[in-house]
Amino acid sequence: MNSSPSPVLVAVAWPYASGSRHLGHLAGAYLPADVFARYQRLIGNRVLMVSGSDTHGTPITVRADAEGVTPAEIVDRYHNEFVADWERLAISWDCYTTTGTENHTAVVQDMFLRLLEKGHIDKRISEQYYDTEVGRFLPDRYIEGTCPHCGYTEARGDQCEDCGRTLDPEELLDPRSKFSGSQPELRSTEHFYLRLTDFEEVLGQWLEERKGWRRHVLNFSKGWIEEGLQDRAITRDLDWGIEIPVDDLGDGKRIYVWFEAVIGYLSASKEWAEAQGTSEAWREWWEGDKARSVYFIGKDNIPFHTIIWPGMLSGYGGLNLPTDVPANQYVTFKGGKASASRGVGLTIGEGLDLFEPDGLRYALAANLPEQSDTDISVEEIARRINEELAATWGNLVNRVLSMVHKTCDGQVPEPGDRLPEDMALLATIDASLVTAGQQLEKVELRAALRTGMDGAAAVNAYLNATEPWKVAKEDPERAKVILGTALAAVGGVRVALAPYLPFSTEILNDPFGPVTGWQREELTPGLPVGKPSPLFAKVDLGELLADQES
RNA sequence: GGCGACGUAGCUCAGCUGGUGAGAGCGCCCGACUCAUAAUCGGGAGGUCGACAGUUCAAAUCUGUCCGUCGCUACCA
């Protein structure tokens with residue numbers, strides 16, 4: 001069915017190992033990437049799905065200091081948590097790694113050196129606040145003081161939360177370090193800068209030519225270009241991070257996260273290739289016209305993936321720029337942005353403790369914030385599971401398998417002589433697979449899930465119309481034809497839902513067999529069909545909420 | 001302050017290159033059915049598409065102003 005399998009790089013945002021990730025992150029990036037990747041594999045494309053834990057950066061060192069442990073311990077803790085979450089959710093990585101590997105360091109340093117050699121990186125000196133007590137330079141966010149505009153005394157170096165104005169740290173009156181409370185002093189420090197201005201024209205033109213990208217992604221990116229790109233410092237006064245491969249700046253400087261984390265897509269691809277024993281195989285996904293690369297991220301990451309990373313790639317040369325960046329908006333919880341640190345919403349682990357993985361996957365997929373922020377709650381997740389997943393799909397599987405078990409001697413019946421109404425149902429299911437496929441290809445994952453569920457509803461309607469439980473009494477042969485048709489239709493619906501529901505899909509391998517392609521397969525007559533048990537348990541919302549209270 | 005987006009049925013959302021009577025799912029009401037996880041199927045009620053003004057033969061869709069919500073603002077990533 002897929003005459004020309006093509007390489008598809010599924011590049012997924014790197015979760016920051018500074019704390020637990022929440023359901024918003026799951027819905028924003030990891031789940032849609034997994035659904036897309038599973039679909040692409042089913043239609044026969046060669047998928048390479050990569051990501052890893054982002055292990056560097058100031059917040060991790062701050063947390064480590066606060067807890068009196070090393071940054072590496074923080075990173076290990078959360079990396080292990082993420083890996084456990086992916087396992088529980090069956091996120092189908094080809095390579096999930098970290099930015100702490102030797103390979104990543106090598107790839108980052110190679111990128112750095114090439115850009116330096118080509119003149120896209122240069123050195124500049126700036127004045128930055130330095131905390132003499134703890135002996136470190138201070139990121140803007142870690143400087144507090146009095147806002148020069150409104151007099152708010154708790155303003156941060158980047159922004160006053162009271163009046164909302166953007167600030168430079170030097171503007172703050174009475175600045176103090178968030179670490180020690182002492183008054184920091186300005187010291188000059190030298191850093192490498194990425195000359196984004198070099199790429200302004202080429203990126204502007206590239207963005208103009210993008211077709212089929214989500215509107216908000218394109219608007220936001222073009223807005224950056226219109227405002228004019230600024231060169232950005234890509235090194236920091238830190239000792240936690242990737243070493244700069246030239247020693248011009250002296251000690252105590254590292255390449256900063258936002259520059260190196262995006263390179264992870266490339267280094268993870270290389271790590272995967274190496275692990276396969278084919279060290280050059282990564283090129284299939286990064287070079288040439290046939291390869292596609294789709295980046296799954298939340299909207300906060302848009303400029304890194306539509307401006308900075310493409311800029312780096314075009315400066316480096318020879319590697320493909322993103323084919324599409326279907327960034328999602330935010331999942332909000334009762335109107336607020338999810339934030340594990342502020343206690344808004346659930347972490348992924350908490351979500352998995354409350355709901356079965358397929359149920360959680362279904363509920364989030366049905367609420368993906370593809371066009372606009374989407375509000376979600378425990379009640380909403382439970383509603384999706386109980387009223388849609390279990391009621392429409394789980395119950396359908398159960399009712400069909402039960403009837404086949406009872407009426408057809410516990411085995412898959414022969415197709416027999418199908419009537420037009422039977423053929424119509426199968427045609428409907430086959431058409432829904434085509435439609436869902438088109439939607440998945442456009443990364444309209446909510447719509448594709450809906451299409452699959454409509455297929456389930458069509459089978460339910462067919463059963464109500466043909467009434468096999470009645471027919472069985474007068475015309476057992478006709479009942480078997482109906483049930484065989486329904487069984488085949490259920491098999492088709494199962495394919496449409498397979499990218500979303502890996503666990504229950506696998507449970508149905510008996511009797512349907514594994515899903516191996518994006519089409520409905522006729523079942524082999526005679527296969528045993530045992531007495532089924534419900535695919536999905538209903539969620540007891542009252543119990544759930546009571547548990548949450550305690 | 002600047003930028004981006006959002007505000008459409010009780011709830012969560014789609015529609016927005018302007019044009020057949022404004023949609024979906026769930027909830028609700030009525031009916032059918034009873035094989036199935038009190039599941040399913042059919043029908044129905046329900047919206048001045050945030051407010052105001054404008055452009056147009058025609059606006060939920062374009063423009064402006066206002067109100068409300070969210071996010072970003074380049075040293076969080």
Side-chain angles (χ1 to χ4, degrees), chain A residues 13-16 18 54 56-60 62 126 128-129 137-143 149 156-160 163-169 191 196 215-217 219-224 226-227 229-233 236-238 256-258 261-262 298-304 307-308 329-330 332 335-337 366-377 379-380 383-384 386-388 390-392 394-404 406-407 444 446-447 450 453-454 457 459-465 467-470 472 479 483 486 532-538:
Chain A
W14 288 54
Y16 193 50
S18 64
D54 183 355
H56 300 307
T58 307
I60 285 174
V62 171
S126 64
Q128 302 236 329
Y129 274 117
F137 279 94
L138 297 170
D140 292 357
R141 294 215 163 189
Y142 293 93
I143 303 160
H149 303 288
R156 289 186 322 202
D158 57 344
Q159 182 177 34
C160 173
C163 67
R165 265 184 265 252
T166 307
L167 304 173
D168 282 326
H191 282 291
L196 275 175
R215 186 173 40 174
H216 70 273
V217 176
N219 282 351
F220 193 83
S221 306
K222 287 178 179 172
W224 262 49
E226 278 161 28
E227 283 176 41
L229 295 183
Q230 294 174 28
D231 300 335
R232 291 177 65 133
R236 294 287 185 276
D237 293 285
L238 262 186
Y256 202 47
V257 251
W258 69 256
V262 286
K299 67 177 167 185
D300 51 337
N301 263 323
I302 289 173
F304 292 95
I307 304 283
I308 295 171
Q329 310 264 11
Y330 287 133
T332 57
K337 185 195 178 189
N367 282 325
L368 288 181
E370 292 176 335
Q371 302 299 333
S372 61
D373 291 353
T374 298
D375 205 53
I376 206 173
S377 61
E379 294 91 323
E380 168 70 7
R383 202 215 92 216
R384 290 282 189 183
N386 290 345
E387 310 300 337
E388 296 182 13
T392 303
N395 179 62
L396 170 65
V397 171
N398 201 243
R399 78 192 285 209
V400 170
L401 290 179
S402 292
M403 277 192 279
V404 170
K406 274 192 285 196
T407 309
E444 294 172 359
R446 264 179 96 135
R450 187 70 247 151
M453 290 299 284
D454 287 346
V459 184
N460 273 320
Y462 166 83
L463 289 171
N464 281 40
E467 302 181 308
W469 55 92
K470 271 188 194 167
L483 289 173
S533 53
L535 259 192
F536 309 102
K538 287 214 171 189

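Chain naming here is simple, since letters A, B, ... match the order of the sequence lines and numbering starts at 1 in each.
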For this session: For B:rC49 and B:rG4, measure between their C1' atoms and round to the nearest Å.
Result: 22 Å

For this session: Among B:rC41, B:rA39, B:rC35, find the nucleotide with the atom closest to the side chain of A:Lys406.
Result: B:rC35

Exercise. Which nucleotide, B:rA74, B:rG4, B:rU12, lies nearest any side-chain atom of A:Thr374?
Worked result: B:rU12

Problem set entry | C1' gap between B:rC76 and B:rC16, integer Å | 35 Å

Exercise. To the nearest 0.5 Å, how far apart are CH2 in A:Trp469 and CZ in A:Arg399?
Worked result: 5.5 Å

For this session: Output yes when at least one side-chain N/O atom of A:Lys470 is less than 4.0 Å from OP1 or OP2 of B:rU34, else no.
Result: yes

Exercise. Given atom CG of A:Asp373 and atom P of B:rC70, what is their separation to the nearest angstrom?
Worked result: 11 Å

For nucleotides 24-31 of chain B, which of its nitrogen or oxygen atoms have a protein nitrogen or oxygen under 3.5 Å away, and what is each distance?
{"from": "B:rG25", "atom 1": "O2'", "to": "A:Glu388", "atom 2": "OE2", "distance (Å)": "2.7"}
{"from": "B:rC26", "atom 1": "O2'", "to": "A:Arg383", "atom 2": "NE", "distance (Å)": "3.0"}
{"from": "B:rG27", "atom 1": "OP1", "to": "A:Glu387", "atom 2": "OE1", "distance (Å)": "2.8"}

Exercise. Taking C-beta and beyond as the side chain, do A:Lys406 and A:Leu483 meet within less than 4.5 Å on heavy atoms?
Worked result: no

Exercise. Quick one: is A:Lys222 getting a side-chain N or O under 4.0 Å of the B:rC3 phosphate, OP1 or OP2?
Worked result: no

For this session: Quickly work out the A:Arg156 CZ to B:rC76 P distance and round it to whole Å.
Result: 8 Å

Exercise. Nearest of B:rU37, B:rC35, B:rG15 to any side-chain atom of A:Gln371?
Worked result: B:rG15

Problem set entry | Proximity to the side chain of A:Arg215 - top-ranked nucleotide from B:rA36, B:rC6, B:rA74 | B:rC6

Seminar exercise, completed: Between NZ of A:Lys538 and P of B:rU37 the distance, given in whole Å, is 11 Å

For this session: Look at the side-chain N and O atoms of A:Ser372 and state whether any lies under 4.0 Å from the OP1 or OP2 oxygen of B:rA14.
Result: yes

For this session: Could you run through RNA chain B and flag its stems, i.e. three or more consecutive Watson-Crick or G-U pairs with both distances under 3.5 Å?
Result: B:1-7 with B:67-73, B:10-13 with B:23-26, B:28-32 with B:40-44, B:50-54 with B:62-66

Exercise. Could you state the CG-P distance from A:Asp375 to B:rG10, rounded to the nearest angstrom?
Worked result: 17 Å

Exercise. A:Leu535 side chain: which of B:rC16, B:rU34, B:rU37 is closest?
Worked result: B:rU37

Problem set entry | 5' precedence on RNA chain B between A:Gln329 and A:Tyr142 (nearest-nucleotide basis) | A:Gln329

Exercise. Toward the 5' end of RNA chain B, which comes first, A:Asn367 or A:Trp224, by nearest nucleotide?
Worked result: A:Asn367

Exercise. Going by modelled atom types, is there a donor-acceptor pair between the base of B:rU40 and the side chain of A:Asn464 at under 3.5 Å?
Worked result: yes

Exercise. Are A:Ile308 and A:Arg232 close enough, and set up right, to give a side-chain contact (heavy atoms from CB on, under 4.5 Å), and what steps lead you there?
Worked result: CA-CA 10 Å; A:Ile308 295 171; A:Arg232 291 177 65 133; 3.6 Å; yes

Exercise. Would you call A:Val257 and A:Arg236 a side-chain contact if the rule is heavy atoms closer than 4.5 Å?
Worked result: no

Exercise. So do A:Ile302 and A:Trp224 actually touch side chain to side chain, heavy atoms under 4.5 Å?
Worked result: no

Exercise. So what does A:Pro534 hit on the nucleic acid, given a heavy-atom distance under 4.0 Å: a base, only sugar-phosphate, or nothing?
Worked result: base

Exercise. Taking the side chain of A:Ala457 as its heavy atoms from C-beta onward, which of B:rC41, B:rA74, B:rU37 lies nearest to it?
Worked result: B:rC41

Problem set entry | Between B:rU20 and B:rA59 - P atom distance, rounded Å | 11 Å

For this session: Establish, with yes or no, whether the OP1 or OP2 oxygen of B:rG15 is under 4.0 angstrom from a side-chain nitrogen or oxygen of A:Arg446.
Result: no

For this session: May I have the distance from A:Asp300 (atom CG) to B:rA5 (atom P), rounded to whole angstrom?
Result: 17 Å

Exercise. Counting only N and O atoms by type, is there a donor-acceptor contact under 3.5 Å from the side chain of A:Tyr330 to the main-chain atoms of A:Asp375?
Worked result: no

Seminar exercise, completed: Here the gap from A:Glu387 atom CD to A:Lys538 atom NZ, rounded to the nearest 0.5 Å, amounts to 5.5 Å

